[in-house]
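Just so we're clear, the structure is a prediction, and the values are computed from it rather than from any experiment. Numbers restart at 1 for each chain; the letters A, B, ... are given by sequence-line order, proteins then strands.
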Amino acid sequence: MIKVTFPDGAVRDYARGTTGTTIVEGISRSLAKKTVAMRWNGELADLSDELEADGRIEFVLRDDDAALELIRHDAAHVLAEAVQELWPGTQVTIGPVIENGFYYDFYRSEPFSEDDLRAIEKKMEEIVDRGAAFTREVWSRDEAKKVFASKGENFKVELVDAIPVDQQVKIYKQGQWFDLCRGPHMRSTRDVGKAFKLTKVAGAYWRGDSNREVLSRIYGTAWANKEQLDQYLTMIEEAEKRDHRKIGREMDLFHFQEEALGSVFWHPKGFRIWRELEAYIRRQLDADGYQEVKTPQLLDNKLWEKSGHWGKFRENMFVVPDEIPSTEDDGPIVSGEANLLALKPMNCPAHVQIFKQGIKSYRDLPLRMAEFGCCHRNEAHGALHGLLRVRQMTQDDAHIFCRDDQVTDETRRFLDLFARVYGDMGMTKISYKLATRPEQRAGDDATWDRAEKALADALTAAGVAFDIAAGDGAFYGPKLEFHLTDAIGRTWQAGTFQLDYVLPERLDATYVGEDGARHRPVMLHRAVFGTFERFMGLLIEHYAGRLPLWLAPVQVVVATIVSDADDYARDVVARLQANGIRAELDTRNESINYKVREHSVGRVPFIFVAGRREAEEKTLSIRQLGSQGQTIKALDEAIAALVADATPPDLQRKAG
RNA sequence: GCUGCUGUAGCUCAGUGGUAGAGCACUCCCUUGGUAAGGGAGAGGCCGCGAGUUCAAUCCUCGCCAGCAGCACCA
C-alpha cells in the first residue's frame with residue numbers, strides 16, 4: 001500500500017500502482033469529469049501514471065491556469081497530427097509551449113500558406129472531436145530510432161540521440177498518431193477544446209542553428225474557452241495600435257527611407273522629445289559625477305585590431321577606405337589598397353585613448369567618462385525594426401575607470417541612477433539578466449571567472465534579483481541587461497552595465513597606485529537609456545504616444561472658435577512660449593469640433609480654447625487629453641499651472 | 001543573412017490582361033461655427049524596380065529592391 005496526501009491534508013491508503021484516474025474517480029464523478037491531469041509531489045503528471053510510492057496529489061482541472069500549459073502542449077500535438085494527415089511525408093520536429101500559445105516546426109519542401117492554416121484548423125477540430133486518448137509508452141532507444149527512421153522522421157531520430165542516457169524515451173500516442181514527447185498530457189484530444197487559432201507561419205532553423213535546415217514553423221494560440229481566446233485576440237489588436245512606427249507617422253515624429261536603411265530621419269517633433277530626454281539625462285550625469293567628452297566617428301582599423309573589435313565584431317562594422325575616391329567615369333572608385341577606417345560601433349576604445357592621455361593616479365579614480373556617442377553597426381537587414389533596431393544609434397554611453405575595490409560601489413551607484421531615471425520615465429516593468437561569457441570572446445577563462453563573480457557579487461550586494469543569460473555577454477566582459485517589453489510582448493534590451501577587464505589590458509590603460517606601481521583599471525561600460533532611438537521607441541509604445549507633458553513635442557494648442565479671438569490667441573501662444581512652453585496656434589477656418597478632434601487624435605496633452613467670451617474675459621477654456629469636459633481658468637493662472645506641470649520630474653524634485 | 005507574406009495617391013485600402021478608384025489628408029470657395037470630422041469644388045498615380053510571355057501587363061512568369069512576421073544576431 002502507499003499513502004496519498006490530498007491538498008486538504010487528508011491521507012488515504014491506495015494499492016501500489018493505483019493511477020490518478022482511479023483515485024479521482026473514486027472521489028467523485030463530477031470531479032473526475034473536470035480533471036485533466038495531476039500534480040504528483042508538485043510535478044505535473046499524467047493522470048494515468050501508476051503511483052509507486054507515498055506522495056502528495058493535486059488534481060489539475062481543465063479550467064485551472066495550470067491546465068493552460070497542457071492545453072497548449074496537446075494542441076501542438078493535434079496540430080502536428082493534422083498536418084501529417086493533410087500532407088503525408090511532412091516531417092515533424094519539435095512543438096513546445098510558448099507564452100500565450102504554442103508552435104510546431106515542420107520540415108517540408110512546400111511552404112504553408114494562410115489558407116493552409118484554415119484547413120489545418122478544420123482538421124484539428126476533427127481530431128479534437130475524435131477524442132483519441134493520449135497513451136504513453138516507453139521504448140528502447142534502438143526501437144525508437146528504428147521506428148522513426150522507417151517513417152523517414154530523420155529529425156526525430158536526431159532528437160532520440162539527444163536524450164540524456166539517464167532519461168526514458170517516451171512516446172505519446174493519440175489514436176494512430178504518435179510523437180516522441182516528454183509529456184505530460186491530458187486525457188484525450190477532446191480536452192484541447194476548440195478555443196485555439198493558428199496565427200502565423202514563419203521560418204525557423206533546426207535547433208536554432210543558422211547553418212542547419214530551415215523549418216516551417218506554425219504558431220498558434222490556445223485557451224481554456226472561447227472568451228479567453230477572444231480576449232487575447234482583442235488584446236493583440238489593441239497592442240498593435242501602439243506600434244511606435246505607426247504612432248511615429250501619425251504624430252509626425254520621424255521617418256525611414258530606402259536611401260538610409262535603418263537610420264532615422266528625425267522630424268522636428270520627434271527631435272523635441274530627443275532634446276528633452278538628452279537634457280534630462282545630461283542633468284543626471286552631471287549630478288552623478290560624470291565628465292562628458294566627444295570622440296571621433298572614424299578611426300583607423302589598427303585601433304580596432306588592438307581593441308579586439310576587428311576580430312570579434314568586424315561583421316557588424318562599416319569599413320571606409322582612407323583614400324580620395326576616383327572621379328574617373330570608368331574604373332574603380334576605390335583602389336582597394338588604402339588603409340581602412342571604421343565608423344565606430346562603440347565608444348569604448350576612444351574613451352580609453354582619452355584616459356591614456358597623461359598619467360592617471362589612483363586619486364583620479366573612479367573616473368566617469370560620458371559621451372552621447374553616435375555609433376554605427378552594420379546590422380543584418382532582417383534585424384532592422386523601426387526605432388528598436390537601427391544601424392545608426394546614439395547611446396547615452398559612459399565608461400567608468402576604477403579600481404577592483406570600487407566595483408561594488410560603482411555598481412550600486414549606477415543601479416540607483418538607473419532606478420531613478422526609469423521611475424521618472426514611468427517605466428517600471430524591467431527584468432534584469434546577468435549575461436555571461438559568449439563563445440566569441442577576448443580574455444582568458446580566469447579573467448572571465450573573476451569578472452562574472454565580481455558583477456554577480458556587486459548585484460547581490462545591491463539587492464537586485466537577476467536571471468542568468470548564459471553566453472549572452474559582450475565579447476570583452478559579462479553584462480547586466482535591462483529588458484523592457486514592447487506593445488506586443490516582445491522584450492528589448494535597453495540599458496546595460498558591463499564589467500570589463502579585457503579592454504584596459506588590450507589597450508594598455510594604466511594608473512599609478514598608492515604603491516607607486518602601474519595598475520590596470522577596471523572598465524565599467526554603462527548606458528541608462530541604452531540608445532535614444534530604441535528608448536524613444538519603447539517610450540512611445542509604453543505611453544501609446546500620449547507622452548507625459550514634459551516630454552510631449554507639442555504641449556498645448558491654442559485653438560480659436562471665431563476669428564475675433566485670433567489676436568488674443570496669438571498673444572496667449574506668445575506668452576506660453578515666453579514661459580518655455582511648446583505651444584502652437586490654430587486659427588484655421590475650421591469648427592472647434594474639428595480642431596478638438598484633430599489635436600486629440602494628434603495626442604496633444606492640452607487644448608486651450610479661445611472664443612469671444614475668453615478673449616473678452618482674458619480666460620481660457622482648458623481641455624486635457626483623455627478627459628471629456630473642460631475647465632475655465634484665468635490666463636495667468638492657466639500659464640502658471642501649465643509651467644508647473646511641464647517641469648521635468650527631476651527639476652520638480654529639486655524645486656520641491 | 002534565412003523562411004514566408006506583402007508592395008496601387010501623403011495615409012488607410014478597393015480593383016481589372018485593354019495605361020486606375022474610395023475615404024482621410026492637401027489646395028480653393030462658401031461657412032465665424034462653443035469642445036472628437038459644417039458644405040462644395042479641385043489637384044494629385046512610371047500601380048516598388050528590371051527583364052520575359054502577350055497584339056496588349058498594374059494584373060501572368062522570373063530576377064532584384066524594400067516593408068512586415070518569425071528565425072538567427074543584438075542597444
B/C26 and B/A9: how far apart are their C1' atoms, nearest whole angstrom?
11 Å
Heavy-atom count check: over 12 atoms from other residues, nucleotides or ligands less than 6.0 Å from A/Arg275 CZ?
no
Separation of B/U35 C1' from A/Phe608 CZ (nearest whole Å)
14 Å
Nearest-Å distance once atom P is located in both B/C73 and B/C64:
25 Å
Which whole-number value in Å describes the distance from A/Lys595 NZ to B/G34 C1'?
12 Å
Could you tell me the separation between the CE atom of A/Met251 and the C1' atom of B/C11, rounded to a whole number of Å?
16 Å
Give A/Tyr219 one of three labels, base, sugar-phosphate or nothing, depending on what nucleic acid heavy atoms sit under 4.0 Å from its own.
sugar-phosphate
Taking the C1' atom in each of B/C59 and B/U8, what is the distance between them to the nearest angstrom?
11 Å
Pairwise C1' distance for B/G33 and B/G38, with rounding to whole Å
8 Å
Answer with yes or no whether the side chains of A/Gln395 and A/Asn347 bring together a donor and an acceptor at under 3.5 Å.
yes
With sequence neighbours left out, what residues match A/Lys479 under side-chain hydrogen bond (donor to acceptor under 3.5 Å, both in side chains)?
none
Within the structure shown, what part of the strands sits under 4.0 Å from A/Gln493 by heavy-atom distance: base, sugar-phosphate, or nothing?
sugar-phosphate
Whole angstrom is fine here: how far is it from NE2 in A/His599 over to P in B/A25?
13 Å
Report yes or no: is the cationic atom of A/Arg441 (NZ for Lys, CZ for Arg) under 6.0 Å from the centre of the six-membered ring of A/Phe475, at an angle within 45° of the ring normal?
no
With heavy atoms under 4.0 Å as the rule, sort A/Ile607 into base, sugar-phosphate or nothing.
nothing
Verify, without hydrogens or angle tests, whether A/Asp564 (side chain) and A/Arg612 (backbone) share a donor-acceptor contact under 3.5 angstrom.
no
What pairs with A/Arg314 under salt bridge (Lys or Arg N to Asp or Glu O under 4.0 Å), at least two apart in sequence or on another chain?
none
Taking A/Tyr568 for its side chain and A/Thr619 for its backbone only, find out whether a donor-acceptor pair lies under 3.5 Å.
yes
Determine the Euclidean distance between corresponding P atoms of B/U12 and B/A69; express it in Å to zero decimal places.
14 Å
Going 5' to 3' through nucleotides 36-44 of chain B, assign each nucleotide B (protein heavy atom under 4.0 Å from a base atom), S (under 4.0 Å only from sugar-phosphate atoms) or - (no protein heavy atom that close).
BBS------
Return no unless some side-chain N or O of A/Arg245 is found under 4.0 Å from OP1 or OP2 of B/A69.
yes
Sticking with atom P, work out how far B/U6 lies from B/C60, rounded to a whole angstrom.
10 Å
Does the A/Arg582 side chain pair with the main chain of A/Ala552, one donor and one acceptor, at a distance under 3.5 Å?
yes
So, is A/Lys479 near the phosphate of B/A75, with a side-chain N or O under 4.0 Å from OP1 or OP2?
yes
Are there more than 12 heavy atoms of other residues, nucleotides or ligands under 6.0 Å from atom NZ of A/Lys294?
yes
Starting at CD of A/Gln624 and ending at P of B/U35, how long is that distance when rounded to a whole Å?
19 Å
Quiz question: by atom type and distance under 3.5 Å, do the side chains of A/Tyr476 and A/Gln498 form a donor-acceptor pair?
yes
Quiz question: going by heavy-atom distance under 3.5 Å, is there a donor-acceptor pair between the base of B/C71 and the side chain of A/Arg212?
no
Mind listing the closest non-hydrogen atom pair of A/Pro349 and A/Met346 along with its distance?
CD-O, 4.1 Å
Side-chain donor or acceptor of A/Gln555 paired with backbone N/O of A/Leu549 under 3.5 Å
yes
Is it the case that more than 12 heavy atoms not belonging to A/Phe466 sit under 6.0 Å from its CZ atom?
yes
Residue-phosphate contact under 4.0 Å: A/His385 side-chain N/O, B/A69 OP1/OP2:
yes
If you pin A/Glu481 and A/Gly629 to their nearest nucleotides in RNA chain B, which one's is more 5'?
A/Gly629
Starting at atom CG of A/Leu198, determine the distance to atom C1' of B/A69, rounded to an integer number of angstrom.
15 Å
Across the strands shown, which category fits A/Arg249 at heavy-atom distances under 4.0 angstrom: base, sugar-phosphate, nothing?
sugar-phosphate
Test: A/Arg368 and A/Glu292 ion pair at under 4.0 Å:
no
To the nearest Å, give me how far apart CD1 (A/Ile236) and C1' (B/G70) are.
14 Å
Rounding to an integer number of angstrom, what distance separates B/G21 and B/U16 when you compare their C1' atoms?
11 Å
Return the value, rounded to whole Å, for the distance between atom CD of A/Glu379 and atom P of B/A72.
15 Å
My understanding is that only one of A/Tyr422, A/Trp492, A/Tyr280 makes a ring pair (Phe, Tyr, Trp, His ring centres under 6.0 Å) with A/Phe535; could you say which?
A/Tyr422
Just to verify, which of A/Phe155, A/Tyr205, A/Tyr104, A/Phe106 counts as forming a side-chain contact (heavy atoms from CB on, under 4.5 Å) with A/Leu215?
A/Phe155
By nearest atom, which of the nucleotides B/A72, B/G70, B/G34 is closest to the A/Arg612 side chain?
B/G34
Can you tabulate the close N/O pairs, meaning under 3.5 Å, that link protein atoms to atoms of nucleotides 2-4 of chain B?
unit_1, atom_1, unit_2, atom_2, d
B/C2, O4', A/Tyr205, OH, 3.3
B/U3, O2, A/Gly203, N, 3.2

Watson-Crick or G-U pairs under 3.5 Å in RNA chain B, rendered as dot-bracket with [ ] for crossing pairs and | for another strand:
(((((((..((((....[..)))).(((((.......))))).....(((((..]....))))))))))))....
Report which part of the nucleic acid A/Ser563 touches: base, sugar-phosphate, or nothing (heavy-atom distance under 4.0 Å, all strands).
base
So which heavy atom on A/Leu233 is nearest to which on A/Lys197, and how close?
CD1-CD, 3.8 Å
Looking only at atom P, what distance separates B/G10 and B/C47, rounded to whole Å?
12 Å
Please list residues of residues 527-540 of chain A whose heavy atoms come under 4.0 Å from any atom in RNA chain B, ordered by number; otherwise none.
A/Thr531, A/Arg534
What's the closest nucleotide to the A/Glu614 side chain, out of B/A75, B/C71, B/G34?
B/G34
Can you tell me if the side-chain N/O atoms of A/Arg391 get under 4.0 Å from OP1 or OP2 in B/A75?
no
A/Val562 has a side chain; which of B/G33, B/C71, B/A75 sits nearest to it?
B/G33
Starting at the 5' end of RNA chain B, which residue's closest nucleotide do you reach first, A/Thr560 or A/Asn316?
A/Thr560
